[in-house]
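Report on the following structure.
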Amino acid sequence: MGKVMGMKVSIERIFSEYNMNTALKIVTKKNPMPGLDGLRASELEEYWSMNKNAILKEIEKGTYNPTPLFIFFKIKPGKKEKRQISVCSVLDQMLLHCIRIELEKSYIPYFHKNSYGFIKGRGTQEALIQCCCFMNNGFNYVVDADIRKCFDSIKHRIVIEKIGRISKNNVTELISKYIKNPGMIGESIRYHRVGVPQGLCLSPLLTNIVLNSLDWFLYRKRMRFVRYADDLVVFCKNRQDAYEALNIIREYLEKELSLHLNNDKTSIIPAEELHYLGHAFVKFGNKYILAIDENIKGKMILKLQRQLKRKDDGKVEMLDRIGAFNRGWINYYRKAYPKSMIEFLQIVQESEIEEINNKLIPESSGKTETANIILESKGFVLPIDWYEEVCERSGII
């Protein structure tokens, strides 16, 4: 990474009126669950108006301490292991968004172009297209590198060292308080001596800042890579190059960042065996193209069934939610091979229509009543209808 130019990030810049107003709108719009202090997002604006000056004074003096985190564990889909999720107070969420907004201004210009996760203006679609580009240029062997418990293993000293290069001391001290902030699990206290808490809006940015040095190291080694947060894939011409790349990556992570690869989940594979960001890569003629991962299809059906089984205030509200669900996952997979998408969507749509009919109307009613309820919903859309609209807009088919 080149030398970071400009003045160091200060508390004054972080808590500008613009950043505070933007952060307040983000938190109140998202309406997250309250933290341990019990303050709700709907109460935040009034609370901030009454206490803003006192809180900012504490932050400037370095005496502000965030409310302890509420910690729970979320089961990873299809896995036995659980992910630890940390929930901070809505006030701290607002303050963290202020920090994130300002740090992004300083760091995003220096993030490597092949890093795509949680970076404004980049996303999964660009990452997947880059993967296909490498494959179609003859880099047909992949190092699928899994960094073992990356978020939970990042050393605090490394975070602070990298943040300190562009931030004033009181900024690094405030960030240090947030990443070391203890959490409550039931009545037990959990102290954070390592890692960045998953669930905080700042954590993905801090992870990118730490791993950015890895990106530029790989670039200097002339490796072709794509990184989405802690999901790293490196593309090589042959298996021998892939083994050499794997050893270089492992050595750098351990020596420079005190991170380790998960040997059970790290592999060297032909390009057509890669499963990345919910997608598979299949050869169509002489070109690799995107397809939906077969494992994802089953998960998508299960998610749809959960949506249909949820209790709602009314039938129209259920249809609005199903429409949002359809738009969301189809937008995500819109670049997958059209023929396979349509075949899958036909299966999904048949199941969806059957379930909606069963739930919306009693057996004695006819299709007319269903049609009338669907017309009342402004958000409902059938999977194939939405896919065709997305494709028409983007010129896919």
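In this text the structure is predicted, and so the values were computed from the model without any measurement.
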Donor-acceptor contact below 3.5 Å, side chain [X] vs main chain [Y]:
X      : Y      : answer
Ser49  : Glu45  : no
Asp215 : Arg227 : no
Thr28  : Leu24  : yes
Gln349 : Ile384 : yes
Ser115 : His112 : no
Glu43  : Arg40  : yes
Ser258 : Lys255 : no
Ser153 : Cys150 : no
Asn137 : Cys133 : yes
Asn136 : Lys287 : no

Set out, in order, the CA-CA distance, both residues' side-chain angles and the distance that settles salt bridge (charged side-chain N to carboxylate O under 4.0 Å, His left out) for Arg334 and Glu389, then state yes or no. CA-CA 11 Å; Arg334 68 185 183 274; Glu389 183 173 335; over 6 Å; no

To the nearest 0.5 Å, what is the distance between [atom1] on [X] and [atom2] on [Y]?
X      : Y      : atom1 : atom2 : result
Phe380 : Ile322 : CZ    : CD1   : 7.5 Å
Ile119 : Asn208 : CD1   : CG    : 4.5 Å
Ile71  : Phe73  : CD1   : CZ    : 6.5 Å
Gln346 : Met341 : CD    : CE    : 11.5 Å
Ser351 : Leu308 : OG    : CG    : 7.5 Å
Glu352 : Asn357 : CD    : CG    : 11.0 Å

Check [X] against [Y] and note the closest heavy-atom contact, atom names and distance.
X      : Y      : value
Asp37  : Ser89  : OD2-CB, 3.4 Å
Tyr178 : Leu200 : O-CD1, 4.2 Å
Gly199 : Ile85  : CA-CG2, 4.4 Å
Ile160 : Thr172 : CD1-O, 3.7 Å
Ala242 : Tyr141 : CB-CB, 4.5 Å
Leu44  : Leu91  : CD1-CA, 4.0 Å

Minimum side-chain heavy-atom gap [X]-[Y] below 4.5 Å:
X      : Y      : value
Ile59  : Ile11  : yes
Ser86  : Phe70  : no
Ser203 : Gln198 : no
Lys52  : Met20  : yes
Phe225 : Val142 : no
Ile179 : His192 : no
Lys8   : Arg165 : no
Leu382 : Asn326 : no

Apply side chain to side chain contact (heavy atoms under 4.5 Å, CB included) to Leu218 and Tyr252, showing your working. CA-CA 10 Å; Leu218 298 179; Tyr252 183 87; over 6 Å; no

With a 3.5 Å cut-off and no angle check, do the side chains of [X] and [Y] form a donor-acceptor pair?
X      : Y      : answer
Tyr276 : Asp231 : no
Glu102 : Asn19  : yes
Arg250 : Asn263 : yes
Gln130 : Arg224 : no

When the aromatic ring centroids of [X] and [Y] are compared, is their separation below 6.0 Å?
X      : Y      : result
Phe139 : Phe235 : no
Trp329 : Phe344 : yes
His279 : Tyr332 : yes

Answer yes or no: is there an ion pair linking [X] with [Y], defined by an N-O contact shorter than 4.0 Å?
X      : Y      : result
Glu173 : Lys177 : no
Glu244 : Lys221 : no
Arg100 : Glu104 : yes
Lys378 : Asp320 : no
Glu58  : Lys61  : no

Is there a side chain to side chain contact (heavy atoms under 4.5 Å, CB included) between Asp146 and Leu232? Walk through the geometry before answering. CA-CA 7 Å; Asp146 183 274; Leu232 173 69; over 6 Å; no

Aromatic rings Phe111 and Tyr107: how do their planes relate, parallel, tilted or perpendicular, breaks at 30° and 60°?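 Answer is parallel, since the angle falls under 30°.
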
Could you go through Val348 and Met300, starting from their C-alpha distance and side-chain angles, then the distance that decides it, and tell me whether this counts as side chain to side chain contact (heavy atoms under 4.5 Å, CB included)? CA-CA 9 Å; Val348 172; Met300 200 59 62; 5.6 Å; no

Treat each ILVMFWY residue as a node, draw an edge where side-chain heavy atoms are under 4.5 Å apart, and state whether [X] and [Y] are in one component.
X      : Y      : value
Leu95  : Val87  : no
Val210 : Leu214 : yes
Val282 : Tyr337 : yes

Step by step, would you call Lys57 with Glu60 a salt bridge (charged side-chain N to carboxylate O under 4.0 Å, His left out)? CA-CA 5 Å; Lys57 199 167 188 179; Glu60 289 169 7; over 6 Å; no

Using the rule given for side chain to side chain contact (heavy atoms under 4.5 Å, CB included), can you reason through Ile14 versus Val171, listing the C-alpha separation, both sets of side-chain angles and the distance that settles it, and then say yes or no? CA-CA 9 Å; Ile14 287 172; Val171 173; 3.7 Å; yes

Enclosure of [X] [atom1] (heavy-atom neighbours >12, cutoff 6.0 Å):
X      : atom1 : value
Lys105 : NZ    : yes
Phe284 : CZ    : no
Lys25  : NZ    : no
Tyr219 : OH    : no
Gln240 : CD    : no

